[in-house]
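Comments concern the structure below.
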Amino acid sequence: MTIVTLSLLKAHLSTDDLLDGNALGDLASGTDELLQHYLKAAEAWASGYLGLPLSDFEPDVPGDIEQAILQMAAHLYQNREAALVGVNAYDLPFGIVDFLRKYRREVTGRAPE
């Protein structure tokens, strides 16, 4: 299942060579496959954070859930390693968690009696 389309992710990344299919030549299919992988990983992360399958939100997935998936996929694309070196990292307002928090199924571990 894909909530966010590949073309929307490419537009979000706003990288000209990603938007122009001819610019990358033979690498285009590999790049598309990589971007699809990042979308799949971002959707899995969002679903895990929410504690719900994303299919529970279909057919009208809220825009803030789509935005969170776009941001996570873009992060995975732009930061391909687990660590940043020589860079200060800060949480930005209206980040991924902020977009998803209101839809999250909270689990306390306590079962109702």
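Side chains are part of it too, since the values below use all heavy atoms of this structure and drop only hydrogens, waters and symmetry mates.
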For the atom pair [atom1] ([X]) and [atom2] ([Y]), what is the distance rounded to the nearest 0.5 Å?
X	Y	atom1	atom2	value
S47	L100	OG	CG	10.0 Å
Y77	K10	OH	NZ	10.0 Å
L70	L13	CG	CG	8.5 Å

Just wondering, do [Y] and [X] contact through their side chains at under 4.5 Å, heavy atoms?
X	Y	answer
I69	W45	no
Y38	H75	no
L50	R105	no
I96	Q67	no
L76	H37	no
M72	L39	no
F99	I65	no

On a heavy-atom basis, which atom in A73 and which in A42 lie closest, and how many Å separate them?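 That would be N-CB, 3.7 Å.
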Return the set of residues passing side chain to side chain contact (heavy atoms under 4.5 Å, CB included) with E66 (not counting sequence neighbours), or none when no residue passes.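 By the side chain to side chain contact (heavy atoms under 4.5 Å, CB included) rule, E66 matches I3, V4, V61.
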For D56, enumerate each residue passing the salt bridge (charged side-chain N to carboxylate O under 4.0 Å, His left out) test, keeping only those at least two apart in sequence or located in another chain.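 Once residues adjacent in sequence are excluded, D56 has no partner under the salt bridge (charged side-chain N to carboxylate O under 4.0 Å, His left out) criterion.
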Can you sort out the partners of R104 under salt bridge (charged side-chain N to carboxylate O under 4.0 Å, His left out), two or more places apart, ordered by chain and number?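 Partners of R104 under the salt bridge (charged side-chain N to carboxylate O under 4.0 Å, His left out) test: none.
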